[in-house]
Number of protein chains: 2
Amino acid sequence: MSQGNSRVTDQDIHPVACPIREIIDSVAGKWSVQIVLLLVARGPMRFTELERGIEGISRRMLTLTLRNLERDGLVVRTVFPTVPPRVEYTATQMARELRGAFAELADWARRHQEAIMAARAAYDRRYAAEQRTAGRPEQDTGSAESATVPAT
Amino acid sequence: MSQGNSRVTDQDIHPVACPIREIIDSVAGKWSVQIVLLLVARGPMRFTELERGIEGISRRMLTLTLRNLERDGLVVRTVFPTVPPRVEYTATQMARELRGAFAELADWARRHQEAIMAARAAYDRRYAAEQRTAGRPEQDTGSAESATVPAT
DNA sequence: CTGTATCCTTAAAGATACTG
DNA sequence: CAGTATCTTTAAGGATACAG
């Protein structure tokens, strides 16, 4: 492909309006959350311990996510200059506090798990299969909080 | 799970296919969060109001995210059969409760915003530019929680 | 052991023309 | 107005060989 074309990235066009949002996005990713929770729960861990402790993570993603967490000050990387090298990752105080917020979210999910599953089932029942393309029939099936069609 | 070994494995601690995780992932996305917060804060809104209210969202993403939120039971879509059509999106009680969890997260981010920015600056100073490839110099610059090199 | 560099595939997102 | 369909671009992620 062609190159050298200095592209204007989205960052240029949509400068991160809210730094808070940006921080949350950085920290609330799928892998970040799991790593933070694990480190807070179990204390300092080595690279391979984390790799084995987090189901399905690739070596690359573990490295990248750890680097981001380190950069944000949520984990500290400690190198023991032995051979072979030993590296430990430790959650900082900030990370321990973050755990509380995550727990809150998890609590909410747990509390509403049933309702959400039910809502999904109802939704899928309402708009069964691929018929959405041809236009939505604006009818509900009588369930609790379905889309309503108020009288004109 | 699969073993009679008395040892506690990572699998036991970290059960795969956690529905809670899935729900959080579904609901905590970049756009979902903003839509929920906006709807909870301002009450029912129309499609174009949302489009204008959320900086940078594309029409397609707005539609997709609204559909997911509707499916999860976080927003209710109400169609007024007028012409031209009027559609309102309303946050449900579940969504209003979720707002609390998001607020917690936002609070954490706000509290630590300075520290995070500082950590990032320190990190970037430590490993300036692209030199990571050639091997990391294991030195810290004396800041608070930098990576340490314990004595052998 | 602890990563990094590289290649490749897939999923997410943007732009936008078009429709009921 | 409120979307949907479609095409294209971009980012995320997985696999893995290899290095210090």
Side-chain angles (χ1 to χ4, degrees), chain A residues 1-3 5-14 25-26 28-35 44-70 75 77-89 127 130-138 147 149 152, chain B residues 25-26 28-32 34-35 44-70 75 77-90 127 130-138 147 149:
Chain A
M1 301 300 192
S2 324
Q3 33 31 16
N5 190 354
S6 60
R7 287 211 82 95
V8 176
T9 66
D10 295 339
Q11 288 294 334
D12 300 320
I13 298 166
H14 298 302
D25 285 347
S26 162
K30 179 183 179 184
W31 299 127
S32 305
V33 174
Q34 293 180 73
I35 291 176
M45 292 177 73
R46 305 180 60 172
F47 187 84
T48 25
E49 283 185 288
L50 283 164
E51 193 172 16
R52 278 191 283 265
I54 294 175
E55 193 66 17
I57 196 171
S58 67
R59 189 169 303 177
R60 184 172 162 278
M61 283 316 292
L62 180 55
T63 302
L64 288 179
T65 312
L66 281 172
R67 291 290 171 271
N68 278 335
L69 291 174
E70 188 194 355
V75 308
R77 178 176 179 271
T78 309
V79 181
F80 297 84
T82 59
V83 43
R86 173 196 186 84
V87 177
E88 273 188 6
Y89 292 91
Y127 311 111
E130 56 280 294
Q131 282 317 93
R132 299 207 56 134
T133 300
R136 296 166 58 127
E138 308 293 1
V149 184
T152 313
Chain B
D25 285 346
S26 162
K30 179 182 179 184
W31 300 127
S32 306
Q34 292 179 74
I35 291 176
M45 293 177 73
R46 307 179 58 170
F47 188 85
T48 23
E49 283 184 288
L50 283 164
E51 194 173 14
R52 277 192 283 264
I54 294 174
E55 192 66 20
I57 196 170
S58 67
R59 191 169 303 177
R60 183 172 161 278
M61 283 316 292
L62 180 56
T63 302
L64 289 179
T65 312
L66 282 172
R67 292 290 173 269
N68 278 334
L69 291 174
E70 188 193 357
V75 308
R77 178 175 177 274
T78 308
V79 180
F80 298 84
T82 59
V83 43
R86 173 195 187 84
V87 178
E88 273 188 4
Y89 292 91
T90 313
Y127 312 111
E130 54 280 297
Q131 282 316 95
R132 300 207 56 133
T133 300
R136 295 165 58 127
E138 307 294 0
V149 185

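Proteins come first, then strands; the chains are lettered A, B, ... in the order of their sequence lines, and each starts at number 1.
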Check your understanding: Hey, what do you get for CD1 (B/Ile57) to CD (B/Gln34), rounding to the nearest 0.5 Å?
Key -> 7.5 Å
Exercise for review: Could you check which of D/dG3, D/dG14, C/dG3 has an atom nearest any side-chain atom of B/Arg77?
Suggested key: D/dG3
Practice item. Identify the two heavy atoms, one from A/Ser32 and one from A/Ser26, that lie closest to each other, and give their separation to 0.1 Å. Key: OG-O, 3.7 Å
Point to revise | Rounded distance in Å - CG (A/Leu66) to C1' (C/dC1) | key: 14 Å
Point to revise | Phosphate contact (D/dA2 OP1 or OP2) by B/Arg46 side-chain N/O below 4.0 Å | key: yes
Review point. Do the non-hydrogen side-chain atoms of B/Arg67 and A/Tyr127 ever get within less than 4.5 Å of each other?
Key: no
**Study point:** Nucleotide D/dA11, atom P - distance to CE of A/Met61 in whole Å
**Key:** 14 Å
Exercise for review: Have a look at the helix from C/dC1-D/dG20 to C/dG20-D/dC1 and give the angle its two end axes make, five pairs each, rounded to 10 degrees.
Suggested key: 40°
Check your understanding: Between NZ of B/Lys30 and CD1 of B/Ile35, what distance do you get to the nearest 0.5 Å?
Key -> 12.0 Å
For nucleotides 15-20 of chain D, print each protein N/O atom paired with a nucleotide N/O atom at under 3.5 Å, atom names and distance only.
none

Point to revise | Nearest-Å distance for atom pair NZ/C1', residues A/Lys30 and D/dG14 | key: 11 Å
Study note, to complete from the structure: In terms of heavy-atom contacts, A/Arg77 and A/Tyr89 come closest through NE-OH, 3.4 Å
**Study point:** Heavy-atom pair with the smallest gap, counting every atom of B/Thr82 and B/Pro84
**Key:** OG1-O, 2.9 Å
**Study point:** Side chains of B/Leu64 and B/Met61 in contact at under 4.5 Å (non-hydrogen atoms)
**Key:** yes
**Study point:** Short side-chain N/O contact to D/dC1 OP1/OP2 from B/Tyr89, under 4.0 Å
**Key:** no
Review point. Taking atom C1' of C/dA12 as reference, at what distance in whole Å does atom CG of A/Asp25 sit?
Key: 14 Å
**Study point:** Spacing of A/Asn68 atom CG relative to D/dG13 atom P, expressed in whole Å
**Key:** 11 Å
Check your understanding: How close or far is atom C1' of D/dG13 from atom CH2 of A/Trp31, stated in whole angstroms?
Key -> 9 Å
Which atom pairs, one a donor and one an acceptor, fall under 3.5 Å between side chains of residues 44-53 of chain B and the rest of the protein, sequence neighbours left out?
unit_1: B/Glu49; atom_1: OE1; unit_2: B/Arg46; atom_2: N; d: 2.8
unit_1: B/Glu51; atom_1: OE2; unit_2: B/Arg59; atom_2: NE; d: 3.3

Check your understanding: Rounded to the Å, how far apart are A/Leu62 CG and D/dA12 C1'?
Key -> 16 Å
Exercise for review: For B/Leu64 and D/dT6, give me the distance from atom CG to atom P, rounded to whole Å.
Suggested key: 14 Å
Practice item. Ignoring backbone atoms, establish whether A/Thr63 has a side-chain N or O less than 4.0 Å from OP1 or OP2 of C/dG3. Key: no
